[in-house]
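Presented below is the structure to which this report refers.
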Number of protein chains: 2
Amino acid sequence: MTSTDMHAGVLDDLGRRIADGRLPEGAVLTLSGIEKDCEASRTVAREAVRVLETLGMVASRRRVGITVQPRSSWDAFSPRLIDWNLAGPFRQRQLEALAELRVAAEPMAAHLAARRADSRQCAELRRLADRLVDLGGRGLGDSDDYLEADVAFHDLLLTASGNPQLTALARPVRAVLEGRNRLGLTPPLPVEGTLEEHMRVAIAVADGDAEAAERCSRSHMRTVWGEVSRTDG
Amino acid sequence: MTSTDMHAGVLDDLGRRIADGRLPEGAVLTLSGIEKDCEASRTVAREAVRVLETLGMVASRRRVGITVQPRSSWDAFSPRLIDWNLAGPFRQRQLEALAELRVAAEPMAAHLAARRADSRQCAELRRLADRLVDLGGRGLGDSDDYLEADVAFHDLLLTASGNPQLTALARPVRAVLEGRNRLGLTPPLPVEGTLEEHMRVAIAVADGDAEAAERCSRSHMRTVWGEVSRTDG
DNA sequence: CCGACTTCAAAGGTACTACTTTTCGCGCGT
DNA sequence: ACGCGCGAAAAGTAGTACCTTTGAAGTCGG
């Protein structure tokens, strides 16, 4: 355990154990225990605990120890926590939650992008839409190239919104798209309408037509939505 | 600086200085420097740096020091960062970004809440809507009671969505509503339609009518939207 | 027998020191 | 001018000693 920082290793170990429920709410740890478990020094153990504390995953009290907190107090948006969830038994739930968030956020991002995107971004957006149409039309909707372009398109849309929070959703959205792809849920020939929707969003943004961009994006999200809600309660 | 943990103090100090730009992107710190600046021990300084590192605000490299990272790599959703922004010169921008996010998220939350809220939540939602109508109708739209009920309403709506990410937006939404209130932007008599919208959302959720809930919430968000976009570029 | 008060020890919080590892940057030699 | 290696700077890790808080057991008095 000398290649990467010990700190990262210990943090990851604890984070995963808490995120996947092996350390359930209310479980109590001690620094000494962590030192021993992870074969790390006090320094390293403390730093890992501090980080988990800022994520709301544990609370540390004198004389008591380090207590695992209820999920409701965890920082649901922390990239780290999302990764831990994606690596554990809650992977599916996490992907669904992120997918729902995406459906909500992208139309707003499109709206804002139409008002704020610079010309370079507009051009790039149209280029990516073109590429999607090209690849999709040739039955390569399940290829890595298509996925890459799809991720880039939605990433750029969020970025162009000029809203830091929306921009920060780019990483989760990538996870959603890649997750869907890895399960073989993307057909070689994209679902009817998908390609046109991307294109219409790109054009609306380039035209600075916020309402149209939002409408088209929402339409696209509706197309995507069906697949998610199939398995829903 | 003994009342609260030293750690929190140092973290807050550094976090604020970075968030408000006093330590701009590319600035380089050293642990020794931090120890001296904040009059803290190495231990405390290290822990604070670790936390900032997990927030993406700094990166620490051997032989180089601790470098402030570009804003784009910061964890925009971290409650801590949001607080630091709200306390600094970017308060307004932060509130606007959160308001945009809220406009995007609430209709989805309403949709999901209609499908997932339990009966207790439905009842409470209607009770809060009733209270808003009561207070608003009596010209108390700018009272603390109204604000409290308003926050509780939207908080509950997000919580009832059953989506951890949407639920986590409750805190920012509170900040948005309180921020608006503190600036005296809330009139004694709520804007035409506001009260009915709350009520319609509550009823739709209670009826389990997801589409109606989403539609009504979106309508409400449109009402709210006008005020935000006034000052926008 | 019960309640309040005292004492004690467990656990985290802080400080300090010593040592290790990485890596930047300079200078030397080719 | 180019590359190679040496040295120092700074973070990383370890370990120890001591402080502070606080839950809980035990004790005393009513």
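Proteins get letters first, then strands, A, B, ... in listed order; numbering begins at 1 in each. The shown structure was predicted, so the numbers you read here are calculated from the model rather than taken from an experiment.
Counting non-hydrogen atoms of other residues, nucleotides and ligands closer than 6.0 Å to CZ of Arg171(A) gives a total of 12 or fewer.
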At a cut-off of 3.5 Å, list every protein nitrogen or oxygen paired with a nitrogen or oxygen from nucleotides 9-11 of chain C, distance to 0.1 Å.
from	atom 1	to	atom 2	distance (Å)
dA9(C)	N3	Arg63(A)	NH1	3.4
dA10(C)	O4'	Arg63(A)	NH1	2.6

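A sub-4.0 Å separation between OP1 or OP2 of dC16(C) and a side-chain N or O of Arg46(B) is absent. For Ser60(B) and dA10(D), the shortest distance from a side-chain N or O to OP1 or OP2 is not below 4.0 Å. Of the side-chain N and O atoms in Ser41(A), none sit less than 4.0 angstrom from OP1 or OP2 of dT13(D). Between Arg42(B) and the phosphate of dT17(C), there is no side-chain N or O to OP1/OP2 separation shorter than 4.0 Å.
Using the six-membered ring where Trp is involved, His198(B) and Phe153(B) have ring planes that are perpendicular, over 60° apart on the 30 and 60° scheme.
A salt bridge (Lys or Arg N to Asp or Glu O under 4.0 Å) with Arg16(B) is found for one member of Asp20(B), Asp12(B), Asp13(B) and no other, namely Asp12(B).
Distance alone, capped at 3.5 Å, is enough to place a donor-acceptor pair between the Arg116(B) side chain and the Ser161(B) backbone. The closest donor-acceptor contact from the side chain of Asn163(B) to the backbone of Ala97(A) lies under 3.5 Å. The main-chain N or O of Leu55(A) is never found under 3.5 Å from a side-chain atom of Ser78(A) such that the two would form a donor-acceptor pair.
Out of dC16(C), dG12(C), dA11(D), the shortest distance to the side chain of Thr43(B) is found at dC16(C).
With rounding to whole Å, His7(B) atom NE2 is found 13 Å from dA15(C) atom P. With rounding to whole Å, Met6(B) atom CE is found 14 Å from dG13(C) atom P. In this structure, the CG atom of Asp5(A) is 10 Å from the P atom of dT22(C), given to the nearest Å. We find that CD of Glu35(A) is positioned 12 Å from C1' of dT13(D), with the value rounded to whole Å. Look at CD on Glu47(A): it is 16 Å from P on dG12(C), rounded to the nearest Å.
In the model, Asp142(A) has no side-chain atom that pairs as donor or acceptor with a side-chain atom of Thr186(A) under 3.5 Å. Of the N and O atoms on the side chains of Asp155(A) and Thr159(A), at least one donor lies less than 3.5 Å from an acceptor on the other residue.
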**Study point:** Stepwise side chain to side chain contact (heavy atoms under 4.5 Å, CB included) check, Val51(B) with His7(B)
**Key:** CA-CA 10 Å; Val51(B) 171; His7(B) 170 73; 4.2 Å; yes
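Overall, the helix from dC1(C)-dG30(D) to dT30(C)-dA1(D) carries an axis bend of 0° between its ends, with five pairs at each end and the value rounded to 10°.
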